[in-house]
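Working notes for the structure below.
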Amino acid sequence: MIQQLSPSYTVSTEPVFFDHLLMIIEKNIRIVTTNGTFDGILSGVAIDHIQLTVGEAHYHIRIPHIVYFVGKP
């Protein structure tokens with residue numbers, strides 16, 4: 001019998017930062033990361049990354065790489 005593997009991992013979170021991101025889904029936002037700055041629409045927030053839509057491109061940015069963001073709820 002083959003045993004199925006269930007991968008598990010831990011993600012460190014910053015609950016207040018995460019909540020603030022959730023308040024501005026579908027709004028314009030500026031994301032400053034360790035690799036540069038992006039302006040777009042925050043189209044999704046997951047436990048480990050965000051999705052930022054810039055024109056027709058969908059960027060998936062890992063939350064630990066975000067230095068700060070600018071956006072209004």
Side-chain angles (χ1 to χ4, degrees):
M1 181 172 175
I2 297 175
Q3 185 178 17
Q4 288 187 332
L5 299 177
S6 296
S8 65
Y9 59 95
T10 60
V11 176
S12 67
T13 60
E14 298 179 58
V16 175
F17 189 78
F18 190 77
D19 284 346
H20 285 220
L21 284 168
L22 289 171
M23 290 190 303
I24 55 175
I25 288 181
E26 299 300 327
K27 302 213 176 169
N28 288 312
I29 187 173
R30 171 172 285 167
I31 300 288
V32 178
T33 72
T34 55
N35 292 322
T37 301
F38 301 89
D39 292 305
I41 296 174
L42 181 62
S43 46
V45 177
I47 193 69
D48 60 345
H49 74 282
I50 65 165
Q51 180 176 320
L52 185 70
T53 301
V54 180
E56 297 295 318
H58 302 284
Y59 293 89
H60 296 263
I61 302 169
R62 295 180 66 187
I63 290 177
H65 293 191
I66 299 172
V67 179
Y68 66 90
F69 66 88
V70 180
K72 290 185 176 182

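Position 1 is the first residue of the sequence; numbering continues from there.
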Exercise for the section: Kindly work out whether a path of hydrophobic side-chain contacts (I/L/V/M/F/W/Y, heavy atoms less than 4.5 Å apart) joins Val54 to Ile61. Expected result: yes

Practice task
Identify the two heavy atoms, one from His58 and one from Thr53, that lie closest to each other, and give their separation to 0.1 Å.
Solution key: ND1-OG1, 3.0 Å

Fill in the blank from the handout: Shortest non-hydrogen pair, Leu42 vs Leu52, comes out as N-CD1, 4.0 Å

Practice task
Indicate, with yes or no, if Val70 and Phe17 share a hydrophobic cluster defined by side-chain heavy-atom contacts under 4.5 Å among Ile, Leu, Val, Met, Phe, Trp and Tyr.
Solution key: no

Handout entry: Gap between atom NE2 of His49 and atom CZ of Arg62 - 0.5 Å precision
Key = 10.5 Å

Exercise for the section: Can you measure from CG (Leu21) to CD (Glu14) and round to the nearest 0.5 angstrom? Expected result: 10.0 Å

Problem - same_hphob_cluster(Val45, Val32) at 4.5 Å side-chain heavy-atom cutoff - result: no

Handout entry: Single-linkage hydrophobic cluster, 4.5 Å side-chain cutoff, Met23 and Phe18 together
Key = no

Problem - Working for side-chain contact (heavy atoms from CB on, under 4.5 Å), residues Phe69 and Ile50 - result: CA-CA 12 Å; Phe69 66 88; Ile50 65 165; over 6 Å; no

Handout entry: Same apolar cluster: Ile31 and Tyr59, side chain cutoff 4.5 Å
Key = yes

Problem - For Lys72 against Lys27, the heavy-atom pair lying closest together - result: O-CD, 3.5 Å

Fill in the blank from the handout: Taking every heavy atom of Ile63 against every heavy atom of Ile47, the minimum-distance pair comes out as CD1-O, 4.0 Å

Fill in the blank from the handout: Closest heavy-atom pair, Asp48 versus Pro64, reported as atoms and distance to 0.1 Å, is O-CD, 4.1 Å

Handout entry: Nearest-0.5 Å distance that lies between atom OG1 in Thr33 and atom CD1 in Ile66
Key = 8.0 Å

